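Read through the structure below, which is laid out as structure tokens, and then see the notes.
Nothing fancy with the numbering, it's 1 onward along the sequence. Only a predicted model underlies this, so the values are computations on that prediction, with no experimental measurement involved. These numbers come from the heavy atoms of this one structure, side chains and all, not from hydrogens, waters or symmetry mates. Whatever order the structure lists them in is the order used to number ligands and atoms, beginning at 1.
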Amino acid sequence: MPERYAVMGNPIAHSQSPRIHTLFARQTGEQMAYERILVSIDGFAAAVAEFAASGGRGLNITVPFKLQAWAEVDRRTARAERAGAVNTIAITAAGRLGDNTDGAGLVRDLCCNHGVRVQARRILILGAGGAVRGVLPALLAETPAELVIANRTRARADAIATALAGLGCVTACGLPELAGEHFDVIINGTSAGLHGELPALPKGLKIAGTTVYDMVYGKTPTAFCSWALEQGAAGALDGLGMLVEQAAESFLLWRGIRPQTAPVIQALRR
Ligand code: ATR
């Protein structure tokens, strides 16, 4: 009997995780079944309990349950503890272990797959929701010269910068304060693109020569990537590689094997 894994979220129909983990399982010869589970907004705790009781071995958690998942597990890895959000749960006889592989996934894609240097660079991250919170510890571990969190609602950026102050040089501001600034790398971690919008960045933000990374992806270039290239960005990358890399980290936690990501990224791109 293949062991059971799943991704839980709401909505979930669009999730590529089943496809990615099925390709990983085929590549590594692991016997596992992976499904999508649509969970009602107030039904997360019950859904996890039911999955565990029926013999399920591992979960990926996506929007909007990552913060709730953090509270729902018995133990957390150090990186999940720092991130304040859980995107991976391993279910064993010892209980539920919560991990967060989003930050490692972003850093692996940005730095290893695309060769973008973060160390000693000025980095801007847009947004201050769960997605951004989850990746910041891993980004700060790369020791950027400065990491600026800019958010439409400035108070949320301030709160994250305060919470993570011990991890490196991290500051916060609102979007208008970005006028006149230049960064080596800009990461879009807002959900604006999901509503077909762009974050309202000031005209004076200098994009020429900057590499931008959008944490979301699409069949066509994202609105943020297209906008940045029009402004003279040196390169524009979407988040498909991050999605596959965070999945590989989850697979490693569950099965003890790190699958190769390049062929899976290629398959999804096709
Ligand atoms: P997630 O878990 O995906 O991060 P979230 O917690 O709802 O979701 O956070 C969404 C982020 O995108 C927030 O930083 C939000 O800004 P606010 O804190 O001001 O709400 C940001 N965001 C969403 N739509 C945006 C838009 N049109 N322009 C700028 N920022 C936007």
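- Nearest-residue assignment for atom 11 (C) of ligand 1 (options Ser191, Ala155, Gly130; heavy-atom criterion): Ser191.
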*Walk me through it: do Thr62 and Val7 pass the test side chain to side chain contact (heavy atoms under 4.5 Å, CB included)?*
CA-CA 7 Å; Thr62 187; Val7 58; 4.1 Å; yes
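- Not a single N or O atom of Leu198, backbone or side chain, sits closer than 3.5 Å to an N or O atom of ligand 1.
- Numbered from 1 in the order shown, with element, the atoms of ligand 1 that lie under 4.0 Å from a heavy atom of Pro199 read 28 (N), 29 (C).
- Scanning both residues, Gly58 and Phe51, for their nearest heavy atoms gives O-CE2, 3.5 Å.
- Arg26 CZ: 12 or fewer foreign heavy atoms inside a 6.0 Å radius.
- Between Ala131 and ligand 1, an N or O atom pair is found at a separation short of 3.5 Å.
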_Checking Phe65 against Asn10 for the side chain to side chain contact (heavy atoms under 4.5 Å, CB included) test, could you report, in this order, the C-alpha distance in whole Å, the side-chain angles of both residues, the deciding distance, and whether it holds?_
CA-CA 8 Å; Phe65 299 119; Asn10 187 336; 4.0 Å; yes
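- Here the heavy atom of the protein found nearest to atom 13 (C) of ligand 1 is Arg156 NH1, 3.6 Å.
- Residue Gly127 approaches ligand 1 through these ligand atoms, each under 4.0 Å from one of its heavy atoms: 14 (O).
- When only interatomic distances are considered, the shortest N/O to N/O separation between Glu197 and ligand 1 falls below 3.5 Å.
- Closest to atom 21 (C) of ligand 1, if we only count protein heavy atoms, is Thr190 CB, 3.7 Å.
- Atom 5 (P) of ligand 1 has as its closest protein heavy atom Gly129 CA, 4.0 Å.
- Which parts of ligand 1 touch Ala128 is read off a 4.0 Å heavy-atom cut-off, strictly below it: atoms 14 (O).
- Distances between N or O atoms of His195 and those of ligand 1 include no value under 3.5 Å.
- Ring centers of Tyr5 and Tyr34: at least 6.0 Å apart, outside the cut-off.
- Note: Trp254 and His21 have tilted aromatic rings, judged against thresholds of 30 and 60 degrees for the angle between ring planes.
- Under 4.0 angstrom from ligand 1, the non-hydrogen atoms of Asn151 all belong to its side chain.
- Salt bridge absent: Arg121 and Glu146 never bring a charged side-chain N and a carboxylate O closer than 4.0 Å.
- Side chains of Leu139 and Pro144 form no contact here, defined as non-hydrogen atoms less than 4.5 Å apart.
- Distance check on atom 7 (O) of ligand 1: every protein heavy atom falls at or beyond the 4.0 Å cut-off.
- Using modelled atom types and a 3.5 Å distance limit, the side chains of Ser54 and Arg4 yield a donor-acceptor pair.
- Nearest non-hydrogen protein atom to atom 19 (O) of ligand 1 is Thr153 OG1, 2.5 Å.
- Between Asp184 and Arg117, no side-chain nitrogen of the basic residue sits less than 4.0 Å from a carboxylate oxygen of the acidic one, so the salt-bridge criterion is not met.
- For atom 25 (C) of ligand 1, the closest non-hydrogen atom of the protein is Arg152 NH1, 3.3 Å.
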